[in-house]
Amino acid sequence: MQVLTVLLASAGVCLGLLVAPAEGTDLAQPAAQPAAPRRQKRDWIWNQMHIDEEKNTSLPHYVGKIKSSVNRKNAKYLLRGESAGKVFRVNEDSGDVYAFERLDREKIPEYHLTALVVDKDTNNDLESPSSFTIKVHDVNDNWPVFTHRLFNASVPEMSAVGTSVIRVTAVDADDPTVADHASVMYQILKGEEYFAIDGSGLIFTTTKNLDRETQAKYEIVVEARDAQGLRGDSGTATVLVTLQDVNDNFPIFTQTKYTFAVPEDIRVGSSLGSLFVEDPDEPQNRMTKYSIVQGEYRDTFTIETDPNHNEGIIKPMKPLDYEYIQQYIFTIEATDPTINLHHLSSASTRKTARVIINVTDVDEPPSFQQPFYHFQLWENQKKPLIGSVRAKDPDAARRSIGYSIRTTSDKGQFFRITKQGDIYNEKELDREVYPWYNLTVEAKELDSSGYSTGKESIVQVHIEIMDENDNAPEFAQPYEPRVCENAAQGKLVVQISAIDKDVTPRDVKFKFSLSTEDSNFTLTDNHDNTANITVKYGQFDRERAKVHYLPVLISDNGRPSLTGTSTLVVTVCKCNEHGEFTYCEEMAAQAGVSIQALVAIFLCILTITVITLLIFLRRRLRKQARAHGKSVPEIHEQLVTYDEEGGGEMDTTSYDVSVLNSVRQGGAKPPRPTLEAGPSVYAQVQKPPRHGAVHGGPGEMAAMIEVKKDEADHDGAGPPYDTLHIYGYEGSESIAESLSSLGTDSSDSDVDYDFLNDWGPRFKMLAELYRSDPQVELVY
């Protein structure tokens, strides 16, 4: 065979030598006859290359031989590829391929290389490169390895026999195409009394009595080996099996009797006590349901389950009343509607218990008949009665109730409440100011004396102010229109719209009009609640008027319809030829002051004026009182009234008034007489006859006053010398009636009595007495 191979190789070489001259001859042929078809006869000569992994012989290891039909002495073989030169090398002359590393099929099962034959001198290719593959043969040098050293699995407790738990997998890195190299066998080393495993690695249960309440976790040790028995340390794995809980246990009460004491004022729906049970299942499977099985109080109490602690919370469903029932007794039951009867482990004997609830008496506050009150009141009205709130004492004493509005209420000063709970408004209210009023009404329990016992309750009272059409429309915004002085007729100045402070219905319609047509403006109602102000004639005269005031009447369609007047202030500006404003007068801000504001300002000014006048008068009175040496209250206490009446104007002849005038004119003060000189001058004065007048000297009246002063100084029982004698009536025939100046707070009155000069000669003397002359002082 080797001889035959050598012969074939020699024949190939000879043919190559024969062909070479022919090729040289062909080069002389025309270019139209290429020599390419003859080069296709050449080809690479090699067999499929294989090599065993993990060889124990010394390196390098022979792999195979590459050979080309090109047989020249100057030809050499090369290898290209990722592993060329590192793992594999080729003999340049013979084409033998060697491996210079021990190969591991589990890492790289095959290598891809490219063979080249080139000229030794020029390194030009003598043959087209060819790719080939070197495959690594597998040997059984690996044992099975589990994908994890520890597996976690779970299975429901009380599962049937054969229930799958988990599938474990071990992998053999050897070539699976080689018989028995990669096959794996499994075996349970620990836990075989409860679990088993099949050839695919599936672990399943072998008993149905896996009870989580008895044992919750199991540990299984699994071994894997290949068919030839090759095994290692990493060929075992541990499986931790956790039993999943199922609801297979009934709850049981921890007590046979539960007793609670609860006050009668406990809120409906609040907890009054808890019931406790034991359930060996896990919390997610504790679905205890509590119910009342015996007793007539199912509509009075309810038992809710606390999902976090599985407790039964007893709550009253309606108010408790000690005066009606003092004790409640009933039987309760605890069940679990979600329990799996197929897995039921045992029957419970303590599923019922007795509950006793004792109600204690408390002094309860008043209770309102409604949780809140809602009343409606039309604005601008003062109703006799807005509404009534009612509360009562729930106790047997049935004490009376007093009502009040808390000062913290919303605008509570606008309302008042009677002792009977009737609510009134103190003033007319405006919906545009406050549309709602929220009052807090307090009900206090009163004892027999009318004093509060300290028990009180509150209720919210909501008063809604209903709207009336009491506001006239006005401009929707402040407008500052401007117009060119050379504006053409029909030029749009501004478009206006209106708003209404009242509740505006959807079908509201505003009508616009000018209060006067005597202007250079025209108003056009657009009938969509807007209006256009346009130039009527054109050409404004800025020298005559730089600003035009345009009153606009705006009416609504309410009931009754209201009309308001808003004024547009139109500024006439200079403009360029493009109609752009170049200069406008700076207008002072037009502050629109309402009538209400003007009234408020006037009242403020009037109040300040009155206060200033009162302060001035008070200071003047104090100054006068200090000047007389006595205070005004002292003078008031010394007023003595005599019942003696004067004769009026007809009695002017009974005494000579000129005496007083002489004193006012500065008459000399007469010497003070002694008391022992004789009888009192005052006692000697006789009423003269009406037909004549006796004129005494200017000192007679002064002498009389001095005598009276002496009598007063030495008479301990008499009034002091400055006692004021009041004559209450001027005379039956006098139309002036009482003209006494002693009725005022001071002897110096601010009243101007000059009008007495206009009453005729009958009042001339009286006008002389009361004339205002600051230079004249009466001397006493």
Side-chain angles (χ1 to χ4, degrees), residues 374-383 386 425 427-437 462-484 487-538 540 545 547-573 587 589-600:
H374 176 209
F375 302 124
Q376 292 182 339
L377 173 66
W378 287 99
E379 65 174 331
N380 306 322
Q381 292 185 8
K382 189 174 181 181
K383 291 186 61 177
I386 299 177
N425 57 319
K427 57 180 294 186
E428 296 179 359
L429 304 177
D430 189 356
R431 190 206 66 85
E432 287 70 40
V433 178
Y434 293 105
W436 283 88
Y437 292 88
H462 308 290
I463 300 178
E464 180 184 5
I465 308 302
M466 308 301 292
D467 183 57
E468 287 185 351
N469 190 25
D470 58 345
N471 289 278
E474 58 187 17
F475 282 149
Q477 64 185 42
Y479 295 99
E480 296 181 357
R482 296 182 296 176
V483 65
C484 294
Q489 181 180 3
K491 174 68 176 179
L492 177 64
V493 178
V494 66
Q495 185 180 77
I496 59 175
S497 59
I499 58 173
D500 196 331
K501 294 181 179 179
D502 296 318
V503 176
T504 305
R506 293 183 178 180
D507 58 345
V508 63
K509 295 295 183 182
F510 295 117
K511 295 181 180 180
F512 301 86
S513 62
L514 295 178
S515 61
T516 177
E517 297 296 333
D518 187 16
S519 65
N520 194 14
F521 298 96
T522 300
L523 185 146
T524 304
D525 195 336
N526 299 326
H527 302 289
D528 59 353
N529 295 335
T530 63
N532 293 338
I533 304 297
T534 58
V535 177
K536 187 174 183 181
Y537 304 111
F540 293 89
V547 177
H548 293 267
Y549 297 92
L550 192 63
V552 179
L553 301 179
I554 309 175
S555 303
D556 59 16
N557 59 342
R559 295 182 181 179
S561 178
L562 296 180
T563 301
T565 302
S566 299
T567 302
L568 276 177
V569 181
V570 185
T571 304
V572 180
C573 303
M587 289 293 297
Q590 298 293 328
V593 181
S594 62
I595 297 178
Q596 293 84 351
L598 292 176
V599 172

d(His527 NE2, Phe510 CZ) to nearest 0.5 Å is 15.0 Å
Do Glu379 and Asp467 come within less than 4.5 Å of each other through their side chains, counting heavy atoms only?
yes
NZ of Lys536: more than 12 outside heavy atoms within 6.0 angstrom?
yes
With rounding to the nearest 0.5 angstrom, report the CD to CD1 distance, Glu432 to Ile465.
10.5 Å
Find the distance between CG (Asp430) and CG (Asn471) and round it off to the nearest 0.5 Å.
6.5 Å
Identify the heavy atoms of Val493 and Pro481 that sit nearest to each other, and give their distance.
CG1-CB, 3.8 Å
In this structure, CD of Glu480 is separated from OG1 of Thr571 (nearest 0.5 Å) by 8.0 Å
Ser566 versus Ile554, closest heavy-atom pair with distance
OG-CD1, 4.3 Å
For Asp556 and Pro560, work out which heavy atoms get closest and say how close.
OD1-O, 4.4 Å
To check you understand the geometry: which heavy-atom pair defines the closest contact between Ala487 and Phe540, and what is its length?
CB-CE1, 4.5 Å
Of the non-hydrogen atoms in Val535 and Ala488, which two are nearest, and what is the gap between them?
CB-O, 3.5 Å
Residues at least two apart in sequence or cross-chain that pass ring pair (Phe, Tyr, Trp, His ring centres under 6.0 Å) with Trp436, listed by chain then number, are His374
Keeping the roles fixed (side chain from Asn520, backbone from Tyr537), state whether a donor-acceptor pair exists under 3.5 Å.
yes
Are the side chain of Asn425 and the backbone of Gln381 linked by a donor-acceptor contact shorter than 3.5 Å?
yes
Does Ile496 offer a backbone N or O that forms a donor-acceptor pair with the side chain of Thr530 under 3.5 Å?
no
Do Asp500 and Val508 have side-chain heavy atoms sitting under 4.5 Å apart?
no
Can Leu429 and Tyr437 be said to form a side chain to side chain contact (heavy atoms under 4.5 Å, CB included), step by step?
CA-CA 10 Å; Leu429 304 177; Tyr437 292 88; 3.8 Å; yes
Does some side-chain heavy atom of Thr565 sit less than 4.5 Å from a side-chain heavy atom of Val552?
no
dist Thr567:OG1 -> His548:NE2 (nearest 0.5 Å) comes out at 14.5 Å
Within the supplied structure, the quantity of interest is the number of heavy atoms (other residues, nucleotides, ligands) at a distance under 6.0 Å from Phe375 CZ; does it exceed 12?
yes
Quick one: CD1 on Ile533 to CZ on Phe512, what's the gap to the nearest 0.5 Å?
9.0 Å
Who passes side-chain contact (heavy atoms from CB on, under 4.5 Å) against Ala476, sequence neighbours left out?
Tyr479, Ser497, Ile499
Do you know which two heavy atoms are closest between Ser519 and Leu550, and how far apart they sit?
OG-CD1, 3.7 Å
Asn532: which of Asn526, Thr524, Thr522 passes side chain to side chain donor-acceptor pair (under 3.5 Å):
Asn526
